[in-house]
There are 2 protein chains.
Amino acid sequence: MSEQQLDVVAQRFRVLSDPMRLKILHNLRDGELTVGSLVNATGASQPNISKHLSILRGAGLVNRRQDGNMAYFSIGAPFVFQLCDIVCEGIRKEFEQKQSTFR
Amino acid sequence: MSEQQLDVVAQRFRVLSDPMRLKILHNLRDGELTVGSLVNATGASQPNISKHLSILRGAGLVNRRQDGNMAYFSIGAPFVFQLCDIVCEGIRKEFEQKQSTFR
DNA sequence: TCATAATATAACTATATAATTATATGGTCA
DNA sequence: TGACCATATAATTATATAGTTATATTATGA
């Protein structure tokens, strides 16, 4: 793997390394939502959500569809959930190991 | 998924979001290495490598074994390579889509 | 066309963190 | 014990970025 490839991969992980962005992706799991809906669902400010959405879009993780004066966002790369599942599984195993140290 | 869970998952992605850490993991793919070997392999400074290794260790991604006055590090969670593969595949598909826009 | 609603962008601030330099710790062997 | 080697930690600096406030853009409907 080349230096450049590692940079690109690291950049993708960075996009996923923010709780609010994960929260947005999580909320989109059941289907597309408008920016306003995401603002309500997350409790974050509208500019904040817009910015996160543009970052997610830059990484191809969400798609944007405009209808009237509303923008609908949806999951663009379902593999993100696969990634989260693997990470969660890893965290679980790690806890188990740490626990077993005390048994 | 709870707020707290999202925080933990985001934190894990953050650990993987640095090119030098990915480089270290990549170098460990063929087996354990000492800090010195990793310094040589990566071209980074010794304190820098030590710090990255401690971050990786904190996330359970590498294991440490001491022998004499040398520390041997090895992959602690093989699933990281699975994660990278999925991300790489995602990047490839994204390029394909962007390319097809011009055909 | 004007007022309004939804979203996006810009400028700014505060915080997190990667890398460097200097120093400390811990082990080995004479 | 004392010199040396490998690794770890501390302090510092520079940069990246999340969030806020204010403003711009774009679309709708009276």
Side-chain angles (χ1 to χ4, degrees), chain A residues 3-4 6-28 31-74 76, chain B residues 3-4 6-28 31-74 76:
Chain A
E3 204 95 355
Q4 288 182 353
L6 290 176
D7 282 358
V8 175
V9 174
Q11 188 51 41
R12 292 309 155 102
F13 280 127
R14 173 137 301 186
V15 172
L16 293 171
S17 76
D18 182 87
M20 188 56 73
R21 283 196 283 275
L22 293 184
K23 205 169 174 181
I24 290 172
L25 292 171
H26 185 66
N27 274 286
L28 292 177
E32 64 176 12
L33 290 175
T34 65
V35 177
S37 311
L38 285 168
V39 169
N40 290 334
T42 59
S45 72
Q46 178 269 314
N48 192 11
I49 293 297
S50 275
K51 197 169 138 194
H52 282 306
L53 283 170
S54 96
I55 291 170
L56 288 168
R57 201 152 89 97
L61 297 181
V62 300
N63 295 322
R64 196 189 115 114
R65 174 176 77 83
Q66 182 136 13
D67 186 23
N69 57 354
M70 295 203 278
Y72 290 84
F73 285 86
S74 57
Chain B
E3 204 95 358
Q4 289 181 352
L6 290 176
D7 282 357
V8 176
V9 174
Q11 189 52 42
R12 292 309 155 102
F13 280 127
R14 174 136 301 187
V15 171
L16 292 172
S17 75
D18 182 86
M20 188 56 73
R21 284 197 283 274
L22 294 184
K23 205 170 174 181
I24 290 173
L25 292 171
H26 184 67
N27 274 286
L28 292 178
E32 65 175 10
L33 290 175
T34 64
V35 177
S37 310
L38 285 168
V39 169
N40 290 334
T42 59
S45 71
Q46 179 269 313
N48 193 11
I49 293 296
S50 274
K51 194 170 142 198
H52 283 305
L53 284 170
S54 98
I55 291 170
L56 288 168
R57 201 152 89 98
L61 298 181
V62 300
N63 295 322
R64 196 189 115 113
R65 173 177 78 81
Q66 182 136 13
D67 185 23
N69 57 353
M70 294 203 280
Y72 291 83
F73 285 86
S74 57

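Numbers restart at 1 for each chain; the letters A, B, ... are given by sequence-line order, proteins then strands. Values reported hereafter were calculated over all heavy atoms of this structure, with side chains retained and with hydrogens, waters and symmetry mates removed.
- Although no hydrogens or angles enter the test, the distance criterion places no donor-acceptor pair under 3.5 Å between the side chain of Ser37(A) and the main chain of Leu33(A).
- Where Tyr72(B) and Gln46(A) meet DNA chain D, the nucleotide closest to each residue was compared, and Tyr72(B) sits on the side nearer the 5' end.
- Mapped onto DNA chain C by nearest heavy atom, Ser50(A) and Asn48(B) fall at different nucleotides, with Ser50(A) at the one closer to the 5' end.
- Between the CG atom of Asp7(A) and the P atom of dA16(D) there is a distance of 13 Å, rounded to whole Å.
- When heavy atoms are screened at a 4.0 angstrom cut-off, Ser54(A) is found touching no nucleic acid atom at all.
- Atoms CG (Leu56(A)) and C1' (dA18(D)) sit 13 Å apart, rounded to a whole Å.
- Annotation: side chain of Tyr72(A) is in contact with side chain of Asp67(A) (closest heavy-atom distance under 4.5 Å).
- Between His52(A) and the phosphate of dG19(D), there is a side-chain N or O to OP1/OP2 separation shorter than 4.0 Å.
- Across all strands shown, Ile55(B) has heavy atoms under 4.0 Å from sugar-phosphate atoms exclusively, and none from any base.
- Backbone-only engagement by Phe73(B) is indicated by non-hydrogen atom pairs under 4.0 Å involving sugar-phosphate atoms exclusively.
- Checking the phosphate oxygens (OP1, OP2) of dT20(D), a side-chain nitrogen or oxygen of Ser45(A) falls inside 4.0 Å.
- Along DNA chain D, the nucleotide nearest Ala44(A) and the nucleotide nearest Gly36(B) are compared for position; the residue whose nucleotide lies closer to the 5' end is Gly36(B).
- Summarising the geometry, the separation between CG on Leu53(B) and P on dA8(D) is reported as 7 Å, rounded to the nearest angstrom.
- The backbone N or O of Ala44(A) sits nowhere less than 3.5 Å from a side-chain atom of Asn48(A) that would complete a donor-acceptor pair.
- Contacts between residues 59-69 of chain B and DNA chain C, counted as heavy-atom distances below 4.0 Å, involve Gly68(B), Asn69(B).
- Residue Arg14(B) is classed as a sugar-phosphate contact, given heavy-atom separations below 4.0 Å to backbone atoms only.
- At a cut-off of 3.5 angstrom, the base of dA19(C) holds at least one donor-acceptor pair with the side chain of Lys51(B).
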Legend entry - Working for side chain to side chain contact (heavy atoms under 4.5 Å, CB included), residues Arg21(A) and Ile55(A): CA-CA 9 Å; Arg21(A) 283 196 283 275; Ile55(A) 291 170; 3.5 Å; yes

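- Closest to the Pro47(A) side chain, of the nucleotides dT21(D), dT7(C), dA8(D), is dT21(D).
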